[in-house]
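Working notes, structure below.
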Number of protein chains: 2
Amino acid sequence: MAVGIRDVARAAGVSTATVSRALGKGPVSDALREQVEAAVRATGYRPNLSARRLRSQSAQTIGLIVADIRNPFFTAVSRAVEDAAYRAGMRLILCNTGEDAEREALYLRLMQEERVTGVVFAPTRRTAERLRPEDFPFPLVLIDRTGPPGGHDGVVLDNVAAGALLVDHLVEQGFSRIGGLFGSTSSTAEERRDGYLSAMRRHGLAPQVRTVLPEAEPAEGEVARWLAEADRPEALVLSNGLILMGAVRAARAAGIPWPGGIALAGFDNEPWTDLVEPGLTVIEQPVTEIGAQAMDLLFDRLKHPDQPVRKVVLSGRLIARGSTARR
Amino acid sequence: MAVGIRDVARAAGVSTATVSRALGKGPVSDALREQVEAAVRATGYRPNLSARRLRSQSAQTIGLIVADIRNPFFTAVSRAVEDAAYRAGMRLILCNTGEDAEREALYLRLMQEERVTGVVFAPTRRTAERLRPEDFPFPLVLIDRTGPPGGHDGVVLDNVAAGALLVDHLVEQGFSRIGGLFGSTSSTAEERRDGYLSAMRRHGLAPQVRTVLPEAEPAEGEVARWLAEADRPEALVLSNGLILMGAVRAARAAGIPWPGGIALAGFDNEPWTDLVEPGLTVIEQPVTEIGAQAMDLLFDRLKHPDQPVRKVVLSGRLIARGSTARR
DNA sequence: AAGGGATGTGAAAACGTTTTCATAAGCAGC
DNA sequence: GCTGCTTATGAAAACGTTTTCACATCCCTT
């Protein structure tokens, strides 16, 4: 039933070595190559990738580890990563960690057992701190969240600048009591908060920072409470797309209009952010570029293992919409 | 450098067979099992999954093939599939086909070479028609689009009923000149169109059907043209989330309000559909359920290969919102 | 005390490839 | 015509596991 390379060899009247070479790139005479190809067609042979990997010690596989593929940022990045992977003849193994350090460790171990070619990883802050390059026999490229400068290549947004950009924009639009709600698990959120804080300080304004699990529901709850307080801010900076959505829901539920009741500015130019009325001011991340760059770094690292560690920092673009219209 | 099972065996003073059994489920005395575990810790041993797969002839891997992971429907389904896979100790290989029959064929071939345990697949109509169960040595479960009854298990929405449901709702709300815009590549879109057509006929109304590539941009262009026509419909049925978004953009761009200028009703209860104002009437698909059911079918099929083919049909739920408010 | 079924263990085969190694054939230079 | 170099090919080793098979050992039954 299961046809192997021996069957093809027999059908073509050659050795298995020749079949292997004909299918790969070895030197084979044209005549035999044709015989082999005919035999492959005749037998319906499909190579066994596990055997190939075992023998050739090359998995041709990329692992992608993210918190949740349903976060549109990761969705978009994953598509770019998958495209690059398959263009290079590699498969993609997808892992969702749910921001859970234990599952992160589990999946990293799995990647070792798979002997993957490389991994693209968006770690939680906690895990990012513990990541030691010498523990991994493959290139590990961090995206979105690199944490403190470590031994891994990475692609990130200039989060500090982006956080500040939002504050500057809000100040310019006439707001001064500006709150910030940031995710609690990633270094990215921390950097955005730092940018927020330094910009607030620079403008001589009093920051109000809160922290929340970076998901829509917790964010909605937190913002709902915040908006119900007597001295609520005039404007809110939200540190990612899910938190921004939570904030929009909370404002909508409380019947507070934006920008009149509360100005909103956040991250991730998701398709819906310009469909709500008024549209939401956001920092757009170059998502496709991030995924593509990560794969470039990964392949470069494979070629030049001893090259110094590189960190690609991409700029976010401010898209000003009605949600932060001048007071 | 690379530590294998032989090194562990040597360190523990046992045979490789015993190590394998200690790590698996074979019968091993408690004393030896502890020795082996200690040796594993001491050596930092990580099993080589390729070797394991080759020998045990079991890949413990699920393939997921969809048009585009960025379609929120597939995003959500993929998450459910991944969860189920990893709960069963399996990995997930992700493939995006971009609705391209050639890439579908390519990936199906790849799945054979990977000797995967099973595949969850949302095929284009063209491919669905050609799918022959005997060509696949693994269970292939179709989701979202099963096409004509074939030899594969599947999980689908009751698309005909759902399409009709939207028409019934629109009629009830007082609309009669109702157009329908449907995707051109999937059997799902066809079924929704059939539901639309039969409901229109039942109500004695004249259907107006158009077809478009199931992506936001082509849909926006098509709807823009449609809305510019003199005898444009009063209401539109849109056959998936991306097409619905295109329609919303077109209406917004043309300055046509809904439901006043054009009533909108579509598929997929994506998070943004109730954030636009007024909210959009949609059919909600049980996305998580679809993914989970697909994996259930897959595992059942592995257990009972000769069981008759099963097709799970799930009902969509109508969520009526302002976009179809009474005329 | 002998027979017999569990039970635990190790040696070696097996999984399906690629790669190494040896060899034969072809060809250039002398 | 011989040597040396390249090229095409096959036999066999190798990749790192799991599984088969054979063999002790132990305990229970008779």
Side-chain angles (χ1 to χ4, degrees), chain A residues 1-37 39-40 43-61 89 91 109-117 137, chain B residues 1-37 39-40 43-61 89 91 109-117 137:
Chain A
M1 186 66 223
V3 23
I5 201 173
R6 321 179 64 99
D7 304 294
V8 178
R10 202 171 308 129
V14 300
S15 73
T16 61
T18 299
V19 174
S20 175
R21 284 190 274 254
L23 265 39
K25 56 178 171 49
V28 183
S29 67
D30 291 351
L32 282 198
R33 169 161 279 131
E34 266 182 42
Q35 282 181 45
V36 168
E37 278 163 9
V40 165
T43 56
Y45 168 70
R46 294 270 172 267
N48 181 320
L49 293 185
S50 292
R52 176 174 290 178
R53 287 189 184 116
L54 173 59
R55 176 59 238 221
S56 66
Q57 304 285 58
S58 146
Q60 301 285 80
T61 299
R91 2 241 146 281
R109 204 169 337 127
L110 175 67
M111 292 301 117
Q112 319 221 89
E113 301 185 351
E114 292 279 359
R115 307 289 194 268
V116 293
T117 309
Chain B
M1 187 68 222
V3 22
I5 200 173
R6 319 178 65 100
D7 304 293
V8 178
R10 202 171 309 127
V14 301
S15 72
T16 62
T18 298
V19 174
S20 175
R21 285 191 274 254
L23 265 40
K25 55 177 176 45
V28 183
S29 67
D30 292 352
L32 283 198
R33 170 161 276 129
E34 267 181 43
Q35 281 181 45
V36 168
E37 279 163 7
V40 165
T43 56
Y45 168 70
R46 294 270 173 267
N48 181 319
L49 293 185
S50 292
R52 177 175 291 178
R53 288 191 183 115
L54 173 58
R55 175 60 235 220
S56 65
Q57 303 286 56
S58 145
Q60 303 284 81
T61 299
R91 4 240 147 283
R109 202 167 341 127
L110 175 67
M111 293 300 116
Q112 317 223 91
E113 301 186 351
E114 291 280 358
R115 307 289 195 266
V116 293
T117 310

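The figures here come from the full heavy-atom set of this structure, side chains too, leaving out hydrogens, waters and symmetry mates. Letters go in sequence order (proteins before strands), and every chain restarts at 1.
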TODO: Whole angstrom is fine here: how far is it from CZ in R52(A) over to C1' in dC15(C)?
DONE: 16 Å

- [ ] Might you work through the side-chain contact (heavy atoms from CB on, under 4.5 Å) test for R115(A) and R53(A), ending with a clear yes or no?
- [x] CA-CA 9 Å; R115(A) 307 289 194 268; R53(A) 287 189 184 116; over 6 Å; no

Open item on the list: Using 0.5 Å steps for rounding, measure from the OG1 atom of T16(A) to the CZ atom of R10(A).
Closed with: 11.0 Å

Task: Minimum-distance nucleotide to S15(B) side chain [options: dT17(D), dA11(C), dT19(C)] - done: dA11(C)

TODO: Have a look at L32(A) and say if it touches a base, only the backbone sugar-phosphate, or nothing, with a 4.0 Å heavy-atom cut-off.
DONE: sugar-phosphate

TODO: Taking only the side-chain heavy atoms of I5(B) (C-beta and beyond), determine which of dT17(D), dG10(C), dT17(C) contains the nearest atom.
DONE: dT17(D)

Task: Per S29(A) side chain, nearest of listed nucleotides dG10(C), dT9(D), dA11(D) - done: dT9(D)

- [ ] Please tell me which of the listed nucleotides, dT19(D), dT17(C), dC15(C), lies nearest to the side chain of S56(B)?
- [x] dT19(D)

- [ ] Take atom OH of Y45(B) and atom P of dT18(D), then tell me their distance rounded to the nearest Å.
- [x] 6 Å

Open item on the list: Without decimals, in angstroms, what is the distance between E34(B) CD and dT9(C) P?
Closed with: 13 Å

Task: dG10(C) base / R21(B) side chain donor-acceptor hit below 3.5 Å - done: yes

Open item on the list: Of the options dT18(D), dG16(C), dG10(C), whose atoms approach the side-chain atoms of T18(B) most closely?
Closed with: dG10(C)

Open item on the list: Please report the interatomic distance CD(E113(A)) to OG(S50(B)), rounded to the nearest 0.5 Å.
Closed with: 11.0 Å

Open item on the list: Taking any heavy-atom pair under 4.0 Å as a contact, classify R46(B): base, sugar-phosphate, or nothing.
Closed with: sugar-phosphate

Open item on the list: So for the helix from dA1(C)-dT30(D) to dC30(C)-dG1(D), with five pairs setting each end axis, what is the inter-axis angle to 10°?
Closed with: 40°

TODO: Report the distance from atom CZ of R33(B) to atom P of dG8(C), rounded to the nearest whole Å.
DONE: 9 Å

- [ ] Write down the distance between CZ (R115(B)) and C1' (dT17(C)), rounded to a whole number of angstrom.
- [x] 11 Å

Open item on the list: Before you tell me yes or no, could you show the steps for L32(A) and R21(A) under side-chain contact (heavy atoms from CB on, under 4.5 Å), namely the whole-Å CA-CA distance, both residues' side-chain angles and the distance that decides it to 0.1 Å?
Closed with: CA-CA 10 Å; L32(A) 282 198; R21(A) 284 190 274 254; over 6 Å; no

Task: Interatomic distance, L54(A) CG vs dT18(C) P [rounded to whole Å] - done: 11 Å

- [ ] For the side chain of T16(B), starting at C-beta, report the closest nucleotide among dA12(D), dT18(D), dA11(C).
- [x] dT18(D)

- [ ] Write down the distance between CG (L23(B)) and C1' (dG16(D)), rounded to a whole number of angstrom.
- [x] 13 Å

TODO: Please determine if a side-chain N or O atom of Q57(B) lies less than 4.0 Å away from the OP1 or OP2 oxygen of dG16(C).
DONE: yes

TODO: Would you kindly check whether a donor in the side chain of R55(A) faces an acceptor in the base of dT18(C), or vice versa, at under 3.5 angstrom?
DONE: yes

- [ ] Step by step, work out the side-chain contact (heavy atoms from CB on, under 4.5 Å) result for L110(B) and R91(A).
- [x] CA-CA 9 Å; L110(B) 175 67; R91(A) 2 241 146 281; 3.4 Å; yes

Task: Separation of atom CG in N48(B) from atom C1' in dA14(D), rounded to whole Å - done: 13 Å

Task: pair V28(B)-V36(B): side-chain heavy atoms closer than 4.5 Å - done: no

